[in-house]
Amino acid sequence: MEFRDLKKQYQVLREEMDRAVLDAMASGAYIMGPQVRALEQQLAEYVGVKHCLTCANGTDALTLALKAWGIGPGDAVFVPDFTFFSSAEVVPLEGAEPVFVDVCEETFTIDAADLERAVEDVLSEGRLRPRVVVAVDLFGLPADYQAIRSVADRYGLLVLEDGAQGFGGTIQMADQVGHDGNVIPGLTGNLRACSFGDIATTSFFPAKPLGCYGDGGAVFTDNDEWAALIASYRVHGKGTFKYDNVRIGLNSRLDTVQAAVLQVKLKAFAEYELDAVNEVAARYTELLQGLATPVIPAGYRSSWAQYTVRFASREQRDAVQAALKADGIPAMVYYPKPLHRQAAFDKTPDQVGGDGKNVIQGNGKNVIPGLTGNLCPVATSLCERVLSLPLHPYMGLEEIETVCNAIRKALR
Ligand SMILES: *Cc1c(COP(=O)(O)O)cnc(C)c1O
């Protein structure tokens with residue numbers, strides 16, 4: 001059994017895919033060919049934002065957003081402790097400091113109450129300026145943007161939506177308001193992932209909800225000024241033309257061939273894959289009744305980058321994973337370590353926050369032994385208990401039943 005069956009997807013899309021890729025190869029326009037611009041327009045329209053700028057990968061997409069905002073030394077960027085490394089890796093690359101925030105047990109996404117606590121700690125410490133919160137749409141579920149936005153507005157934070165796993169998810173906004181607080185005419189109220197942040201990003205890594213056949217990424221925003229800056233930063237900080245360089249940037253473009261692949265995949269994604277993967281997830285939830293299956297809050301729809309079950313303990317989780325493996329079923333631990341325990345961030349030890357109890361991550365001074373363990377307890381505990389099951393739009397009912405039966409057997 002495949003964890004995410006990309007070969008099966010190719011078999012289904014083969015005819016159309018081969019034609020699109022061969023056309024791109026025959027065209028000769030390998031960098032920034034017409035497929036790139038066409039894809040950007042299709043993505044912007046699908047998501048419901050003004051600008052989409054594709055780039056080389058989802059990590060660069062985050063970097064481009066931070067660069068457009070001028071984030072640098074002395075800035076605090078709040079990042080959930082339970083996510084892929086990239087969400088925080090980009091912060092020290094710009095010279096700023098990540099401050100880790102705990103997540104919610106049931107939805108795996110950033111806890112707005114703990115975000116407020118972390119911002120207050122940073123303010124009372126007085127060393128860093130709170131600038132940005134990275135909200136991650138983890139495993140396909142959009143974060144709680146109404147709660148995040150209310151904290152962000154109070155403290156003047158920019159919201160960076162890391163939608164690498166979230167593309168395709170939606171939130172039914174009860175009051176149908178836009179980011180500026182105004183009612184948007186003609187909106188059904190169903191807002192799509194990658195439209196929730198002041199800037200949002202996604203990744204087209206093959207295993208993401210919308211993947212290409214290599215690396216790729218995109219940045220989304222309604223803001224003209226930021227879009228223009230990102231267009232410059234992604235091509236060596238170009239000015240009026242390619243050999244006029246007005247800022248230090250990156251070489252971060254999406255290949256024409258990958259844009260051609262994504263045009264075919266986006267069509268399948270929008271027409272049936274997103275519905276199909278939601279049906280697979282619903283079937284899992286039905287068959288795994290009684291277990292701590294993923295919680296999708298009312299009004300939310302996930303794009304199911306992962307289907308992640310929480311077990312009672314590390315021992316139980318590890319036993320289930322081993323039993324599945326013995327039956328030829330791949331199941332993965334996303335993520336085995338909270339970010340604050342990653343060696344790359346551990347070099348900058350914790351210190352006590354303004355209230356004398358909580359801990360602020362990372363200034364390289366004031367190691368308080370014993371307190372580190374209290375940082376982000378929910379994220380730390382989830383890392384011991386989560387297990388992600390095989391999931392993709394082309395998964396058959398029989399395969400789902402095989403996985404569920406193997407889990408039941410392991411738990412007996
Ligand atoms: C995959 C991922 C990224 C990075 O995307 P790449 O295209 O691999 O650089 C960033 N954030 C999250 C949450 C991811 O899952």
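In listed order, ligands and their atoms are each counted from 1.
For the pair S87 and ligand 1, a heavy-atom separation below 4.0 Å is found.
Residue contacts with ligand 1 for V136 involve side-chain atoms from C-beta outward but no N, CA, C or O (heavy atoms, distance under 4.0 Å). When non-hydrogen atoms are compared, ligand 1 lies under 4.0 Å from the backbone of T59 as well as from its side chain.
Between S86 and ligand 1, not a single N/O pair is under 3.5 Å apart. The N/O atoms of G58, backbone and side chain alike, include one that comes under 3.5 Å of an N/O atom in ligand 1. At least one N or O atom of D162 sits closer than 3.5 Å to an N or O atom of ligand 1.
In this model, no donor atom of one side chain and acceptor atom of the other lie less than 3.5 Å apart for H392 and D5. One side chain, S150 or R154, offers a donor N or O that lies under 3.5 Å from an acceptor on the other. Judged by distance alone, the side chains of Y300 and Q172 never bring a donor and an acceptor atom under 3.5 Å apart. With no hydrogens or angles considered, a side-chain donor-acceptor pair links R247 and S232 at under 3.5 Å.
A salt bridge links K67 and E94; the closest N-O separation between the charged side-chain nitrogens and carboxylate oxygens is under 4.0 Å.
Proximity annotation for atom 2 (C) of ligand 1: of Q165, K208, Q306, K208 comes nearest, heavy atoms only.
Protein heavy atom closest to atom 8 (O) of ligand 1, with residue, atom name and distance, is S203 OG, 4.1 Å.
For the pairing with Y394, the side chain to side chain donor-acceptor pair (under 3.5 Å) check across Q9, K7, E273 returns one residue only, E273.
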